[in-house]
**Student:** 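Take this structure, written in structure tokens, and hold onto it; I'll ask about it next.
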Amino acid sequence: MRKHYNFWYKGLKLDPYRIFRIYGISAPEQQHAIKKLLRAGKSVKGLEVDIQESIDSLNRWLEILNEDKLEKNNDDL
């Protein structure tokens with residue numbers, strides 16, 4: 001993983017992957033949004049772009065959840 005994600009806490013490398021494991025975060029859309037927010041405004045892209053990309057990921061996650069609900073409802077018919 002890139003250098004800018006290398007933080008150490010109590011002897012553990014605290015990067016997005018460790019955070020995802022600690023919190024049990026498995027949805028890729030949520031992971032992507034969190035990773036963007038952890039470094040928002042500190043990379044090549046500006047703060048606003050990072051925030052918008054996080055929002056886009058979360059909106060897509062909502063779409064997927066709704067699609068899954070519709071599919072389940074159709075299967076129940």
**Student:** Counting C-beta onward and ignoring hydrogens, is there a side-chain heavy-atom pair between H32 and K35 closer than 4.5 Å?
**Tutor:** no
**Student:** Using the rule that Ile, Leu, Val, Met, Phe, Trp and Tyr join whenever any side-chain heavy atoms are under 4.5 Å apart, tell me whether Y9 and Y23 fall into a single cluster.
**Tutor:** yes
**Student:** Compare all side-chain heavy atoms of D50 with those of R39 and state whether any distance is below 4.5 angstrom.
**Tutor:** no
**Student:** Please lay out, stage by stage, how F20 and I34 fare under the test side-chain contact (heavy atoms from CB on, under 4.5 Å).
**Tutor:** CA-CA 9 Å; F20 301 153; I34 290 168; 3.8 Å; yes
**Student:** Are L65 and L58 connected in a single hydrophobic cluster, I mean Ile/Leu/Val/Met/Phe/Trp/Tyr linked by side-chain heavy atoms less than 4.5 Å apart?
**Tutor:** yes
**Student:** Hey, does E29 have a side-chain heavy atom less than 4.5 Å from the side chain of I64?
**Tutor:** yes
**Student:** Any chance you could measure E71, atom CD, to N66, atom CG, to the nearest 0.5 Å?
**Tutor:** 13.0 Å
**Student:** Does the side chain of L38 come within less than 4.5 Å of P16's, by heavy atoms?
**Tutor:** yes
**Student:** Side-chain contact, heavy-atom cut-off 4.5 Å: W61 with Q30?
**Tutor:** yes
**Student:** Could you tell me whether the side chain of I55 reaches within less than 4.5 Å of the side chain of N59, counting heavy atoms only?
**Tutor:** yes
**Student:** Checking Q52 against D56: is there a side-chain donor and acceptor pair closer than 3.5 Å?
**Tutor:** yes
**Student:** Any carboxylate oxygen within less than 4.0 angstrom of a Lys/Arg side-chain nitrogen, looking at K36 and E53?
**Tutor:** yes
**Student:** Salt bridge or not between K72 and E67? Use side-chain N to carboxylate O under 4.0 Å.
**Tutor:** no
**Student:** Looking at side-chain heavy atoms only, is the closest gap between W8 and L14 below 4.5 Å?
**Tutor:** no
**Student:** For a quick test of reading the model, state the closest non-hydrogen atom pair linking A33 to S54 and the distance between them.
**Tutor:** O-OG, 3.4 Å
**Student:** Are I19 and Y17 connected in the hydrophobic side-chain network, where two residues link if heavy atoms are under 4.5 Å apart?
**Tutor:** yes
